[in-house]
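To keep things clear, I will list the structure first and then write my remarks on it.
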2 protein chains.
Amino acid sequence: MLSKKTKYGLKALAFLANQNDRHPIAIAEIADHENISQKFLESILLSLRRTGYLGSKKGKGGGYYLIKDPSEIPMTTVMRALEGPIAMVSCVSLNFYEKCEDCPDEQSCAVHKLMLKVRDSALDVYRNTTLADLIIQVPYSQ
Amino acid sequence: MLSKKTKYGLKALAFLANQNDRHPIAIAEIADHENISQKFLESILLSLRRTGYLGSKKGKGGGYYLIKDPSEIPMTTVMRALEGPIAMVSCVSLNFYEKCEDCPDEQSCAVHKLMLKVRDSALDVYRNTTLADLIIQVPYSQ
DNA sequence: TGAAAACCTACTAAAACTATAGGGTAAATA
DNA sequence: TATTTACCCTATAGTTTTAGTAGGTTTTCA
């Protein structure tokens with residue numbers, strides 16, 4: 001199941017992408033519009049900022065804004081920042097690889113074989129989907 | 001992350017598929033071979049039995065065995081029995097659909113749009129992968 | 001200088017997951 | 001009839017994750 005953190009993070013990004021211009025929008029405004037606890041959203045936006053696609057400005061009139069065009073923001077980065085590894089087991093993770101302590105041989109492991117396929121297909125989706133795809137109605141996307 | 005229940009379940013199925021014949025194998029033997037707590041495996045095999053692909057026999061010489069050929073056992077059924085819904089949010093689930101209570105409109109929801117794609121790609125993998133694919137070394141599967 | 005807003009740390013309540021344990025019932029075999 | 005093994009139920013303890021909450025610090029603008 002997708003965590004609320006990821007849900008909220010995606011909704012917040014979509015909200016920012018839907019703005020006409022790129023002026024800063026306060027956390028409070030986003031939280032209010034998307035029905036998210038402000039404090040919770042605060043921590044979410046903070047982790048999204050580390051992707052480099054989200055900028056912030058402090059003080060009066062400050063807030064968060066997209067640094068790049070939505071079409072240049074791939075879901076791979078966003079999902080890794082929000083949900084963590086895309087792989088369902090660490091032994092097939094590209095960025096967070098770790099050997100399973102109980103598995104003697106990865107090559108012959110059924111779990112490994114299956115999860116490798118699942119990871120590849122998920123990666124394919126995330127790499128080919130940008131924030132722009134999530135807000136514009138495309139009749140026959142793909 | 002994949003639960004241990006699913007990991008163990010897949011390993012147990014693969015172990016059964018690797019047998020020469022289809023005679024019953026006791027839980028204790030599977031648990032021992034795959035390093036799984038016997039009681040835990042017991043409950044896992046029970047839920048797998050409900051898929052109709054796994055048979056059991058009580059009494060002396062009893063145990064679990066595959067009812068169908070591994071090539072006829074699709075991962076869709078297995079994963080649903082072990083992990084539950086394939087979709088990451090209930091609003092895109094085929095078998096467990098439920099409307100998100102906080103989302104006013106699915107059509108315009110960014111989370112919905114993205115997770116629909118992810119579900120489709122995962123389904124594609126599970127539908128086209130059978131238990132046989134997880135045990136036999138196929139050079140260029142797909 | 002004061003207000004507004006992001007930033008940062010720490011804490012917490014609840015839920016889920018993992019694994020084990022115990023107990024008993026039902027069915028099959030010898 | 002005795003043994004073996006699956007079936008089924010409950011409980012529990014420990015750990016981790018989730019979804020926040022609280023409170024203070026820093027930066028920026030007017």
- Message: For nucleotides 10-20 of chain D, give me one character per nucleotide, 5' to 3': B if any protein heavy atom sits under 4.0 Å from the base, S if the only such contacts are to the sugar-phosphate, - if neither.
- Response: ---------SS
- Item | From CA spacing to verdict: side chain to side chain contact (heavy atoms under 4.5 Å, CB included), Leu54(A), Ile67(A) | CA-CA 5 Å; Leu54(A) 194 60; Ile67(A) 289 176; 5.9 Å; no
- All salt bridge (Lys or Arg N to Asp or Glu O under 4.0 Å) counterparts of Glu29(B), not counting sequence neighbours: none
- Message: Give the residues of residues 85-99 of chain A touching DNA chain C, defined as any heavy atom closer than 4.0 Å, sorted by residue number.
- Response: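 Here the set is empty: none.
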- Query: What parts of residues 11-27 of chain B reach DNA chain C, counting only heavy atoms under 4.0 Å away?
  - Reply: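 Residues of residues 11-27 of chain B under 4.0 Å from DNA chain C: none.
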- Message: Contact between Leu123(A) and Leu94(A) at the side-chain level, heavy atoms closer than 4.5 Å - yes or no?
- Response: yes
Side-chain donor-acceptor pairs under 3.5 Å in residues 69-85 of chain A, sequence neighbours left out?
residue	atom	partner	partner atom	Å
Asp69(A)	OD2	Ser71(A)	N	3.1
Asp69(A)	OD2	Ser71(A)	OG	2.6
Thr76(A)	OG1	Tyr126(A)	O	3.4
Glu83(A)	OE2	Ser3(A)	N	3.1
Glu83(A)	OE2	Ser3(A)	OG	2.7
Glu83(A)	OE2	Thr6(A)	OG1	2.6

- Once you round it to whole Å, what is the distance between P of dT5(D) and CG of Leu45(B)?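 Leu45(B) atom CG is separated from dT5(D) atom P by 15 Å.
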- Integer-rounded Å distance: dT21(D) C1' and Gln38(A) CD: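 Spelled out: CD on Gln38(A) to C1' on dT21(D) is 12 Å.
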Tell me, please, which residues at least two apart from [X] pass side-chain contact (heavy atoms from CB on, under 4.5 Å).
X         : answer
Lys60(B)  : none
Cys109(A) : Cys103(A), Val111(A), His112(A), Lys11(B)
Asn20(A)  : none

- Task: Using the heavy-atom set of chain B and a strict 4.0 Å cut-off, write down the first and last nucleotide of DNA chain C that makes it in, 5' to 3'.
- Result: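 Answer, 5' to 3': dT18(C) to dT29(C).
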- Query: Any idea which heavy atoms bring Ile86(A) and Ala122(A) closest together, and the distance?
  - Reply: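 Heavy atoms only, the tightest pair is CG2-CB, 4.0 Å.
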- Contact summary for Leu48(B) and Gly9(B), nearest pair of heavy atoms: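 Heavy atoms of Leu48(B) and Gly9(B) come nearest at CD1-O, 4.0 Å.
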- Going through the checks in order, is the side chain to side chain contact (heavy atoms under 4.5 Å, CB included) test met by Leu131(B) and Leu16(B)? CA-CA 10 Å; Leu131(B) 186 52; Leu16(B) 291 177; over 6 Å; no
Please list each protein N or O that sits under 3.5 Å from an N or O in nucleotides 24-30 of chain D, with the distance.
residue	atom	partner	partner atom	Å
dC29(D)	OP1	Lys57(A)	NZ	3.3

- Query: Between the side chain of Arg49(A) and the main-chain N/O of Ser56(A), is any donor-acceptor distance below 3.5 Å?
  - Reply: no
- Message: Looking at Gln107(B), is its backbone amide N or carbonyl O close enough to the side chain of Lys113(B) to form a donor-acceptor pair, meaning the two atoms are under 3.5 Å apart?
- Response: yes
- Message: As an exercise, state the distance from CD of Glu42(B) to CD1 of Ile27(B), rounded to the nearest 0.5 Å.
- Response: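 Taking CD in Glu42(B) and CD1 in Ile27(B), the distance rounds to 4.5 Å.
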- Task: Using the ring pair (Phe, Tyr, Trp, His ring centres under 6.0 Å) rule, collect all pairs that involve residues 30-74 of chain A, keeping only residues at least two apart or in two chains.
- Result: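 Passing the test, one end in residues 30-74 of chain A: Tyr8(A)-Phe40(A), Phe15(A)-His33(A).
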- In the hydrophobic clustering that connects Ile, Leu, Val, Met, Phe, Trp and Tyr at side-chain heavy-atom distances below 4.5 Å, which members other than Phe96(A) occupy its cluster, ordered by chain and number?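 Members other than Phe96(A) - counting any ILVMFWY side chain reachable under 4.5 Å - there are none.
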